[in-house]
Amino acid sequence: MLITIKSILAETKSELVSSGIETDDFELRLLLSAATGTDIKTMPRNQMDISREQFAKFKFMISERKQHKPVDKILGYRGFYKYDFSVSTDVLTPRPDTEILVENAIKAAQNNNYNHILELGVGSGCIIISILAELKHADGEGVDISPQALQIAQRNAENIGVSSRIKLRCADWFDNDFNNNFNRKFDLIVSNPPYINTNEIKTLAREVSGYDPMLALDGGSDGLASYRRIAEIAPLLLETGGMLFLEIGEGQGADVIDIFSRQGLYYEQSFNDLSGIQRCITFKK
Ligand code: GLN
């Protein structure tokens, strides 16, 4: 069937907007290109011949979007830093704000010759895989409580070509013997732990509360539970002179600095995200 792209996009847009979903032409073209298996760069702008099956696939994607499913989770991938990462509802969607942590951790690793990296709560793997892809001589370990997330991280590590330099393991950092999982120390530890107050989760956009895993969001009654635990385990896993890079939630900076300083780490620096919110905090041992 021959479709007129402009009118399909306009119809779809008004259908979504009337269901309270924000959307734009780029997003809809991305879904259409995925449904039809066409490269977005070469997809026609005016008319296109597509099969009924492809059209039904597009319609199905739109019905998912109507349920507030975010576009990356419909497509199954999301661009982050320099690569596309596979995603599913088992992992937190990589956010552009987290690229700040990645960029600065890479700089610190290059300046200090850090080669052994640990990520606590690896999820899709977007943080540690991006770092390892830049630091060709580094190796790392990534831990997550979710076996499903670890499968996605493994796939991403393979696709991006760092799987020989990363070890992924399933473990819960709240376990008393968590540190026994490791037989060495690390130069750099990175983490974007769950940091949302349990009560605030229901106030988040449905794209987040309905499709990002609770395990990756819920930071306990004050949002700081994982930081308290990481402050107990991370200093023992860090080499002297090594650094810890943490993502934090809005307004958590002073509390997080206090929590880690009490465990003997030295606060170094913080970095703001694209909206000017303090988003990444670093400590040194
Ligand atoms: N940045 C995410 C959000 O605001 C939360 C991620 C996290 O808890 N680590 O929805």
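Numbering of residues begins at 1 and proceeds along the displayed sequence. First listed ligand is number 1; within each ligand, the first listed atom is number 1.
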So if I count the atoms of ligand 1 from 1 in the order they appear, which ones are less than 4.0 Å from some heavy atom of V208?
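Reading through ligand 1 atom by atom, the close ones are 10 (O).
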
State the atoms of ligand 1, each with its element, that fall below the 4.0 Å cut-off from a heavy-atom position in P193.
7 (C), 8 (O), 9 (N)

So, [X] and [Y], do they make that salt bridge, N to O below 4.0 Å?
{"X": "E27", "Y": "R65", "value": "yes"}
{"X": "E232", "Y": "R229", "value": "yes"}
{"X": "K66", "Y": "E15", "value": "yes"}
{"X": "K73", "Y": "D212", "value": "yes"}

Short N/O distance, under 3.5 Å, between A216 and ligand 1?
yes

Nearest protein heavy atom with distance in Å, relative to atom 8 (O) of ligand 1
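Looking at atom 8 (O) of ligand 1, the protein heavy atom closest to it is Y195 N, 3.0 Å.
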
of all protein heavy atoms, closest to atom 10 (O) of ligand 1 is R95 NH2, 3.0 Å

Closest heavy-atom approach to atom 4 (O) of ligand 1 among L204, I196, T93, N192 is made by I196

How are the rings of F85 and Y83 set relative to one another: parallel (under 30°), tilted (30 to 60°) or perpendicular (over 60°)?
perpendicular

